[in-house]
Structure formats: structure tokens, C-alpha cells
Number of protein chains: 2
Amino acid sequence: MLKGHLDAIVLAALETGPAHGYAIIEAIKSRSGTTFDLPEGTVYPALHRLEQAGWLASNWMTQSGGRRRRVYALTKSGTAALADGRKAWRRFAEAVNASLGGRTWPA
Amino acid sequence: MLKGHLDAIVLAALETGPAHGYAIIEAIKSRSGTTFDLPEGTVYPALHRLEQAGWLASNWMTQSGGRRRRVYALTKSGTAALADGRKAWRRFAEAVNASLGGRTWPA
DNA sequence: TTCCATACCTAGCAACGCTAGGTATCCAGA
DNA sequence: TCTGGATACCTAGCGTTGCTAGGTATGGAA
């Protein structure tokens, strides 16, 4: 369960440059230290949703072998959405930390 | 949206002692700095679910005026569930922070 | 030639939290 | 007096979200 922050995580994975779906999944897994090993059924629909929202733009790329990949890139509003997502995450995380009490926050 | 961590937040609100539903809502609002102003339709079903799971025990208390309150208390397994919830939150928060990159984590 | 990794897709489900409605008591103010 | 707001509880049903489980197809290695 990604608890509603999947969009921001996907957008963040594209911040360093365009990538195709499969690579995005790998990037998220790697960045999260394998904690987020997302099934394709989670990521592909999310990419479609984000493109629908205007936060991503996609292009079909054909490899030399004839293999097709869909490469996604952040749009301008996608970059803004990512910034919003980071703020929302931070606010949320602080509120949860305060609510849970104790030493939930790492040094 | 509480993104799946509502249970832990409710359990944490009861860590300092038994309380009734309405007071729990107030406690969560206060602890979170008003970020979590949860509707009753969120909290009451959650309390029922947590009791069903054996993490809370409830007793009807009748006030002097004849007013009824249902007071919830953490059970032993509820305390354990809270500890698990804290660990889960911490792991999740660290993975999101790593995935989002940038300075999402406060000093 | 068989298998695995790569690479994409979608229908349908389950869980979660919220909306929106309901009931009832207590107390302050008009 | 009586009206409204705070207190205090409840639930049916909805929308979103992410996942399961199935499908298609190519490339390369064993």
C-alpha cells in the first residue's frame, strides 16, 4: 500500500529525466531500498492517470530491434504537482509523527 | 486521507489512557496540530474495527445526567499492534523520503 | 527451443476513508 | 421558552486507490 503518495513518487522518479514504465518501476524499487517493489498493475494505470491529468507526456519509442517503449516525461505542471506532492507529504508526515508520539522520527 | 495509518493514530491516542470516541477525535486533532480533523464517519467505524480485531475493549459509561458514552481502552494486543504500527510507519516514511528525494525530511 | 527478463496493457476486486444522513442529550442565550 | 450549538453516538453507501490476475509480445541466453 502506497497510501496515496504514489503519484508524487512516480513524478519524482521522472525528475532526473524521461523514462519508460518498466524503468520507472526499477527506479522506484532502487530508490526506496526495495521497499516499494510495485506491481505493473499499480504503475501503468498510474502513468495513464498522470498523463490524463497533464502531469506527464508520453512518446512511443521504437528500438533498433523493433521493440516499442513508451517514454514518459514530466510536464511543467507535473513539476509543479511534484512540488505540491512533496509539501503535502511533509505536512502529512509531520502530523503523523506528532500523532504517533514517541521517537518515530529518525535522528 | 489518512493513507492507511489511521489505526495506529487511533491506538496512539489511547496510549495515555481510556477515552470515548468524541474525545479521541479531539485528541487526534490536537496532537496533529489540527491537520487531522477527522469526521466521525471515519473514527467510529475505525473504533469498531479495532475492537473487532481485539486491539480495543469498550465499556458503556452512564453520566450522572443519563448521557451515555462508550469508553475505549487499549488491550495488550492493541499495545503490541501500536508498536508494530509505529515500526511500519517509520519504514514507510523512510522509503517515501528516499523515493521523493530532496530535502523532504525536516532538520 | 525453451525460458526468463523485458515491456506493455486492462478488467475487476477489496480496502479505506469520507459524505450524508440519522438519533439523542445538555446547556447557553435570546 | 425554545432554539441553536456542542456533545455523543451510529451506519449505508460511495469514490478513490492500489492490487490481483490475467493477457500479449520481443530479445537474449542456456
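Below, read A as the first sequence line, B as the second, and so on, with proteins coming before strands; counting in each chain starts at 1.
Atom-to-atom, CH2 of A:Trp60 to C1' of D:dA25 comes out at 11 Å; the value is rounded to the nearest Å. Following rounding to the nearest Å, A:Glu51 (CD) and C:dC8 (C1') show an atom-to-atom distance of 14 Å. Between B:Arg67 atom CZ and C:dT23 atom C1' there is a gap of 13 Å when expressed in whole angstrom units. Nucleotide C:dA15 holds its C1' atom 14 Å from the CG atom of B:Leu50, rounded to whole Å. The interatomic distance linking A:Leu38 (CG) with D:dC19 (P) rounds to 6 Å, in whole Å. Computed from coordinates, the B:Leu47 CG to D:dT11 P distance equals 12 Å when rounded to whole Å. Here the P atom of nucleotide D:dG18 and the CZ atom of A:Phe36 are 11 Å apart, to the nearest Å. Spacing between atom CD of A:Glu26 and atom C1' of C:dA5 amounts to 10 Å, rounded to whole angstrom units.
Closest approach to the A:Glu40 side chain among D:dC9, C:dT19, C:dC9 is made by C:dC9 (side chain taken as heavy atoms from C-beta onward). The listed nucleotides are C:dT6, D:dC9, D:dC19; the one nearest the side chain of A:Tyr22 is C:dT6.
The phosphate of C:dT10 (OP1 or OP2) has a side-chain N or O of A:His48 nearer than 4.0 angstrom. Look at A:Arg70 and you'll find a side-chain N or O under 4.0 angstrom from OP1 or OP2 of C:dC9. Residue A:Arg49 places at least one side-chain N or O closer than 4.0 Å to OP1 or OP2 of D:dG18. Distances shown here put every side-chain N or O of B:Arg68 at or beyond 4.0 Å from the OP1 or OP2 atom of D:dT7. The shortest distance between the side-chain N/O atoms of A:Tyr44 and the OP1/OP2 oxygens of C:dC9 is not below 4.0 Å.
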Distance-only check: which donor-acceptor pairs under 3.5 Å involve side-chain atoms of residues 7-19 of chain B, not counting sequence neighbours?
{"unit_1": "B:Asp7", "atom_1": "OD1", "unit_2": "B:Arg49", "atom_2": "NH1", "d": "3.0"}
{"unit_1": "B:Asp7", "atom_1": "OD2", "unit_2": "B:Arg49", "atom_2": "NH1", "d": "3.1"}
{"unit_1": "B:Glu15", "atom_1": "OE1", "unit_2": "B:Arg86", "atom_2": "NH2", "d": "2.9"}
{"unit_1": "B:Glu15", "atom_1": "OE2", "unit_2": "B:Arg86", "atom_2": "NH1", "d": "3.3"}

Identify every side-chain donor-acceptor pair in residues 50-59 of chain A under 3.5 Å, counting partners at least two apart or on other chains, and give the distances.
{"unit_1": "A:Glu51", "atom_1": "OE1", "unit_2": "A:Ser58", "atom_2": "OG", "d": "3.4"}
{"unit_1": "A:Glu51", "atom_1": "OE1", "unit_2": "A:Arg70", "atom_2": "NH2", "d": "3.0"}
{"unit_1": "A:Glu51", "atom_1": "OE2", "unit_2": "A:Ser58", "atom_2": "N", "d": "3.2"}
{"unit_1": "A:Glu51", "atom_1": "OE2", "unit_2": "A:Ser58", "atom_2": "OG", "d": "2.8"}
{"unit_1": "A:Ser58", "atom_1": "OG", "unit_2": "A:Arg70", "atom_2": "NE", "d": "3.3"}

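Residues satisfying the side chain to side chain contact (heavy atoms under 4.5 Å, CB included) test with B:Thr79, not counting sequence neighbours, are B:Leu74. Residues that satisfy the salt bridge (charged side-chain N to carboxylate O under 4.0 Å, His left out) test with A:Lys29, not counting sequence neighbours, are A:Asp37.
Other residues sharing the hydrophobic cluster of A:Trp60, ordered by chain and number and joined by side-chain separations under 4.5 Å: none, the residue standing alone.
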Tabulated below should be each protein N or O lying under 3.5 Å from an N or O of nucleotides 11-14 of chain C; please produce it.
none

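B:Trp89 and A:Phe92 have perpendicular rings, their planes meeting at more than 60° on a 0 to 90° scale where under 30° would count as parallel.
Of all heavy-atom pairs spanning B:Phe36 and A:Ser99, the tightest one is CD1-OG, 3.6 Å.
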